[in-house]
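Letters A, B, ... mirror the listed sequences (proteins, then strands); counts begin at 1.
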There are 2 protein chains.
Amino acid sequence: MPTLTDPVALLRDAGLRVTRPRLAVIDALGRQPHADVDSIADAARVELGTVSTQAIYDVLKAFATAGLVRRIEPAGSPARFELRVGDNHHHVVCRSCGAIADVDCAHGSAPCLTASNDHGFSIDEAEVTYWGICPDCAATPAHESSILIREEPHA
Amino acid sequence: MPTLTDPVALLRDAGLRVTRPRLAVIDALGRQPHADVDSIADAARVELGTVSTQAIYDVLKAFATAGLVRRIEPAGSPARFELRVGDNHHHVVCRSCGAIADVDCAHGSAPCLTASNDHGFSIDEAEVTYWGICPDCAATPAHESSILIREEPHA
DNA sequence: ATCCTATTCTTGAATGATTCCAGAAAAGGT
DNA sequence: ACCTTTTCTGGAATCATTCAAGAATAGGAT
């Protein structure tokens with residue numbers, strides 16, 4: 001049976017046409033949250049045989065515009081996408097391998113939006129990115145799979 | 001202008017050689033916080049006549065590694081750099097023009113590092129990005145059609 | 001069900017930010 | 001000053017993303 005929400009209904013409700021690439025992207029995101037474009041394209045190709053990378057970009061852009069997906073761009077990583085949307089959650093990013101996990105807002109929604117001094121900006125979102133090392137990388141003795149190197153002064 | 005710390009001493013203390021491009025970059029960052037590489041290069045060229053863009057990249061990388069500057073990468077913008085370092089402050093970014101302003105951590109340093117569920121990650125930094133519209137853009141009469149244009153961030 | 005038109009997908013090339021490379025120049029300790 | 005190490009230059013490469021123009025397709029209307 002359909003996953004969480006019926007993908008077809010999801011698309012129709014958003015006023016988007018139902019196409020195989022789009023369904024494949026939804027499916028890919030369902031099983032791989034925080035995937036980047038390449039991963040999504042790979043997953044889609046398993047399902048569809050072939051899809052152009054541009055089709056994936058187009059689909060993701062359409063989804064993002066329609067509010068179906070959220071695009072996140074941790075420094076040093078290509079853009080990632082996720083289906084969880086509109087629930088004010090945040091992310092932990094591994095400095096070593098780039099892995100991402102969800103973090104619910106610990107303080108509720110309001111405090112997250114409170115800046116000490118907004119400099120006159122009208123703020124509509126507070127995005128929190130936690131940086132650290134994921135369990136896998138912490139457990140790995142050698143650093144063989146360190147693709148992502150990001151120097152940052154330790155706070 | 002009497003800079004907070006003597007630039008030459010700043011470099012020496014960091015174990016870095018004192019070169020004209022480096023001093024120019026420090027100067028540029030001093031008067032234009034959150035500048036991107038292009039802006040820094042432009043400012044440096046005013047001072048030095050000519051400098052290669054790569055020299056600027058190298059200088060910034062050396063500074064970042066030495067902990068002299070912090071590199072920030074708001075989604076959709078090229079990397080920005082700032083001299084303020086090690087004081088756990090955050091940023092407001094204008095969705096319209098990309099302007100960036102500093103925001104001191106309202107909760108002190110500890111709560112900022114607290115994630116509701118760290119998924120086993122060992123977290124060493126919490127980076128908060130507030131998104132909104134800067135006063136200038138808010139004041140600008142209806143510019144709905146204006147696409148995101150790369151503009152000089154107003155200091 | 002078939003046709004029509006807007007929308008989407010394909011291929012291929014362009015762009016922008018950043019990095020890599022090898023040689024030339026310069027900094028600074030001895 | 002000399003010499004070694006480090007930095008700077010100019011050019012090309014790389015990666016993610018976007019643009020462009022034609023071909024294919026979805027889905028409402030006939």
What pairs of nitrogen or oxygen atoms, one from the protein and one from nucleotides 21-27 of chain C, lie under 3.5 Å apart?
from   : atom 1 : to      : atom 2 : distance (Å)
C/dA27 : N3     : B/Arg17 : NH1    : 3.1

*Just how far, in rounded Å, is P of C/dG16 from CD of B/Glu73?*
18 Å
*Taking atom C1' of C/dT19 as reference, at what distance in whole Å does atom CD1 of B/Ile56 sit?*
15 Å
*Does a salt bridge link A/Arg71 with A/Glu73, judged by any charged N lying under 4.0 Å from a carboxylate O?*
yes
*Is it the case that one hydrophobic cluster holds both B/Leu11 and B/Leu29, taking links as side-chain heavy atoms less than 4.5 Å apart, direct or via other members?*
yes
*asked:* Whether B/Tyr57 contacts C/dT19 is assessed here as follows: a side-chain N or O lying under 4.0 Å from the phosphate OP1 or OP2. Is that the case?
replied: no
*Let me know the distance between CZ of A/Arg22 and P of C/dT10, rounded to the nearest Å.*
12 Å
*Across the strands shown, which category fits B/Ala62 at heavy-atom distances under 4.0 angstrom: base, sugar-phosphate, nothing?*
nothing
*Is the shortest side-chain N to carboxylate O distance from B/Arg20 to B/Glu47 below 4.0 Å?*
no
_Salt-bridge contact B/Asp6-B/Arg12 (side-chain N to carboxylate O under 4.0 Å)_ = no
*Under 3.5 Å, is there a donor-acceptor pair between the side chain of B/His34 and the main chain of B/Ile100?*
yes
*For chain A, the stretch of DNA chain D it reaches, first to last nucleotide, under 4.0 Å of its heavy atoms*: D/dA16 to D/dG27
*Rounded distance in Å - CG (A/Leu16) to P (C/dA6)*: 18 Å
*In terms of the nearest nucleotide of DNA chain D, which residue is placed more toward the 5' end: B/Val59 or A/Arg80?*
B/Val59
*Side chain to side chain, B/Val25 and B/Arg22, heavy atoms closer than 4.5 Å*: no
*Would you say the side chains of A/Ser39 and A/Asp42 form a donor-acceptor pair under 3.5 Å?*
no
*For B/Arg17, all residues meeting side-chain hydrogen bond (donor to acceptor under 3.5 Å, both in side chains), sequence neighbours excluded*: none
